[in-house]
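Chain letters run A, B, ... following the sequence lines, proteins first and then strands; every chain starts at 1.
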There are 2 protein chains.
Amino acid sequence: MSKRKNSADSRNDILDAAQRVVAREGAANLTLDAVAKESGFSKGGLLYNFPSKEALIQGMLQRLIDNVEPQMNEYRDSLAGQPNPTLRAIIECIRCEAVIDRNISMAILAAGAQNPQLLDPLRQRYDQHYKDILQETDDPDLSLLLWAAADGLMFMSLLDMTPFPAEDAERLMQRLRHMASTRHEKSVIIDNIVS
Amino acid sequence: MSKRKNSADSRNDILDAAQRVVAREGAANLTLDAVAKESGFSKGGLLYNFPSKEALIQGMLQRLIDNVEPQMNEYRDSLAGQPNPTLRAIIECIRCEAVIDRNISMAILAAGAQNPQLLDPLRQRYDQHYKDILQETDDPDLSLLLWAAADGLMFMSLLDMTPFPAEDAERLMQRLRHMASTRHEKSVIIDNIVS
DNA sequence: GTTAGTTTACCGACCAGATGGTACAGTAAA
DNA sequence: TTTACTGTACCATCTGGTCGGTAAACTAAC
């Protein structure tokens, strides 16, 4: 009966429990008591590791980010030298739903609605992505639009509002991927192919 | 001291008050008491008009939709005969932020996170947009991607995560608009301009 | 046209449950 | 001795929602 764990393990166990709760019962039922029960910790132990509910949610978001990061880097590194590696890595991550459980993302979104600064870590990521994408592209605006499109598809899926079947979404993602992998000499190219 | 108003007026007054509350104090503070106070109604009167908080939020969403609809139709009608009228109307609505107050949308989003079926009216709209866009386009996938991109930009702005300045966003929207207004003979056109 | 009954629209006190958080005494491993 | 908890009791507050009451407005009978 080893009581002692190191604190990092405990925190991870708690975050796991929180994710299970939210995945099973939805964002509305993410309460300290529920997480305590699910994790096996006492409420005191929970609040010892995360001094507030807000801290817990911050922890969830941070871990989510930390989990996606290596996967993204892997993609990006494998595309080094080719066009738009970061953009394509983002698209790929969204495509294979590295974005984890819908409920978890929704819970974080809901929390963000109540306390906007909770999303700051995400904002930082977006900022970094923005800079990387710009630096790698021949056609900044097109790349940003492709990014926005991928993001839009992700949000639709997140909110369960995608009006088309999964295979269509898949095809769209492939086309995005394809568009991101071609080089363009100038912004204007696309705009010129008018009938 | 006419006590009697017709119910529709009361409901509208209450929805106005709810919007003011949420715009001023954020989604977290959208409580029945706050809305009652802001609207001048008693809590009982409020709950007479909206039998539950959920009903109130549904009302807010519905009115939001009802307000944007005529504006969209106007745009669309003015583009009749030209390519992609619906898509372009959507883009235009997003561009000039017909999407109303950020806080209001966030409140609805937050509510949707807790009770997903609350977003059903929105889903219906998306479904209709989807059908309309498909029917009007020469290049279904491209149109859907442009739609997704516009949506992505909207969500970024909604969550206050747009990493680029407003003028860049404006330029992106213009490009979207432009891309939506050109005819394409085949999907492949775009894909072919590879270096 | 007055009276009586019914409905509509609203008031405001009260309530029950949930929830985040505290306090604190104890305990066991490192 | 410090760290990392357990466990319980407790609490203040908030919040959605109920409920009995009430006055104006509408309806209908006389």
Visitor: By nearest heavy atom, map B:G40 and A:S52 onto DNA chain C; which one lands nearer the 5' end?
Guide: B:G40

Visitor: May I ask you to verify if any side-chain N or O of B:S10 is less than 4.0 angstrom from the OP1 or OP2 atom of C:dA9?
Guide: no

Visitor: Let me know the distance between NZ of A:K37 and C1' of C:dA18, rounded to the nearest Å.
Guide: 15 Å

Visitor: Looking at C:dG20, D:dT15, D:dT6, which one has an atom nearest to any side-chain atom of A:K53?
Guide: C:dG20

Visitor: Given atom CG of A:L32 and atom C1' of D:dC10, what is their separation to the nearest angstrom?
Guide: 16 Å

Visitor: Would you indicate which nucleotide in D:dA4, D:dT15, C:dG21 comes nearest to any side-chain atom of A:Y48?
Guide: D:dA4

Visitor: Check the distance between D:dA4's C1' and A:R11's CZ and give it to me in whole angstrom.
Guide: 13 Å

Visitor: Going by the salt bridge (Lys or Arg N to Asp or Glu O under 4.0 Å) test, name the single residue among B:R95, B:R177, B:R175 that passes it with B:E170.
Guide: B:R95

Visitor: Name the closest nucleotide to the A:T31 side chain, picking from C:dG20, D:dT15, C:dA9.
Guide: C:dG20

Visitor: Mind calculating the distance between CZ (B:F50) and P (D:dG16) to the nearest angstrom?
Guide: 15 Å

Visitor: If you round to the nearest 0.5 Å, how far is CG of B:D77 from CE of B:M72?
Guide: 9.5 Å

Visitor: Hydrophobic clustering (ILVMFWY, side-chain heavy atoms < 4.5 Å, transitive) - are B:Y75 and B:I90 grouped together?
Guide: no

Visitor: Using only side-chain N and O atoms of B:S42, determine if any of them is under 4.0 Å from OP1 or OP2 of C:dG12.
Guide: no

Visitor: With DNA chain C as reference, determine whether A:G44 or A:D33 sits nearer its 5' end, using the nearest nucleotide of each.
Guide: A:D33

Visitor: When all nucleic acid strands are considered with a 4.0 Å heavy-atom cut-off, which category describes B:L47: base, sugar-phosphate, or nothing?
Guide: base

Visitor: Give the rounded distance in Å between these two atoms: CG of B:N49 and P of C:dC10.
Guide: 5 Å

Visitor: So which of B:R125, B:R123, B:K131 actually passes salt bridge (Lys or Arg N to Asp or Glu O under 4.0 Å) with B:D127?
Guide: B:K131

Visitor: For B:E54 and D:dT15, what is the distance between atoms CD and P respectively, to the nearest whole Å?
Guide: 17 Å

Visitor: In whole angstrom, give the distance that lies between atom CD1 of A:I14 and atom C1' of D:dA4.
Guide: 11 Å

Visitor: Which pair of non-hydrogen atoms, one from B:V21 and one from B:N29, has the smallest distance, and what is that distance?
Guide: CG1-O, 3.6 Å

Visitor: Rounding to an integer number of Å, can you tell me how far A:L46 CG sits from D:dT6 P?
Guide: 9 Å

Visitor: Looking at the base of C:dG20, is there any donor atom on it, or on the side chain of A:K43, that sits under 3.5 Å from an acceptor on the other one?
Guide: yes

